[in-house]
Amino acid sequence: MKLEHRVYEKLLKVPKGKVTTYSELAKAVGIKNGQRSIGQMMKKNPFPVIVPCHRVILSTGKIGGYAWGEKVKTNMLSKEGITIKKGKILDKDRIFRF
DNA sequence: CCAAGGGCCGTCT
DNA sequence: GAGACGGCCCTTG
């Protein structure tokens, strides 16, 4: 319970127009290889609206999955100024680090 | 308490 | 650059 809340908080600190990776997020909350856990939390997250889950991408630069559909995620991101091509983000500098 | 899943990652062919 | 494996951590049933 604590962890997941921590994750959401971190996520909320990600500014619009930027994204973060599951790995970085995991590290930020203290778990080194808990990327999968993050995904699981996001999917089951109780606050899908107030939490910008769509700003989380794979460390490889791919968009990754999304509970409501990956296209929706992609759409939102591009709307926030992120350039996406073939399901991948082009500017990795847009990745926000804690 | 045990078992299984998941929006993943790094490494090797 | 693309596909295949194995592994790690949390949450939920």
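Just so it is clear: chains get the letters A, B, ... in the order the sequence lines come, proteins before strands, and each one is counted from 1.
For the residue pair A/T21 and A/V56, the shortest heavy atom distance occurs at C-CG1, 4.1 Å. In this structure, A/T74 and A/S78 approach most closely via the heavy-atom pair O-OG, 2.7 Å. The shortest heavy-atom contact between A/M41 and A/Y8 is O-OH, 3.4 Å.
Counting heavy atoms from C-beta on, the side chains of A/L11 and A/T20 come closer than 4.5 Å. Looking at A/K79 and A/L77, their side chains never come closer than 4.5 Å, going by heavy atoms from C-beta outward. Side-chain atoms of A/R36 and A/Q40, non-hydrogen and from C-beta on, never get closer than 4.5 Å to each other.
Rounded to whole angstrom, the span from the CG atom of A/L25 across to the P atom of C/dC10 amounts to 14 Å. One can place NZ of A/K86 at 15 Å from C1' of C/dG1, the figure rounded to the nearest angstrom. In this entry the distance linking CD1 of A/I31 with C1' of C/dT11 reads 11 Å, nearest Å.
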(request) Whenever both distances are under 3.5 Å in a Watson-Crick or G-U wobble pair, mark it; put DNA chain C into dot-bracket that way, with [ ] for crossing pairs and | when the partner is on another strand. (result) .||||||.|||||

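Under the 6.0 Å distance and 45° angle rule, A/K13 does not count as a cation-pi partner of A/F98.
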(request) Do nucleotides 6-13 of chain B as a string where each nucleotide becomes B, S or -: B if the base has a protein heavy atom under 4.0 Å, S if just the sugar-phosphate does, - if no protein is that close. (result) BBBSS---

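Of the options A/I31, A/L25, A/N45, A/V51, a side chain to side chain contact (heavy atoms under 4.5 Å, CB included) to A/V7 is made by A/L25 and by none of the others.
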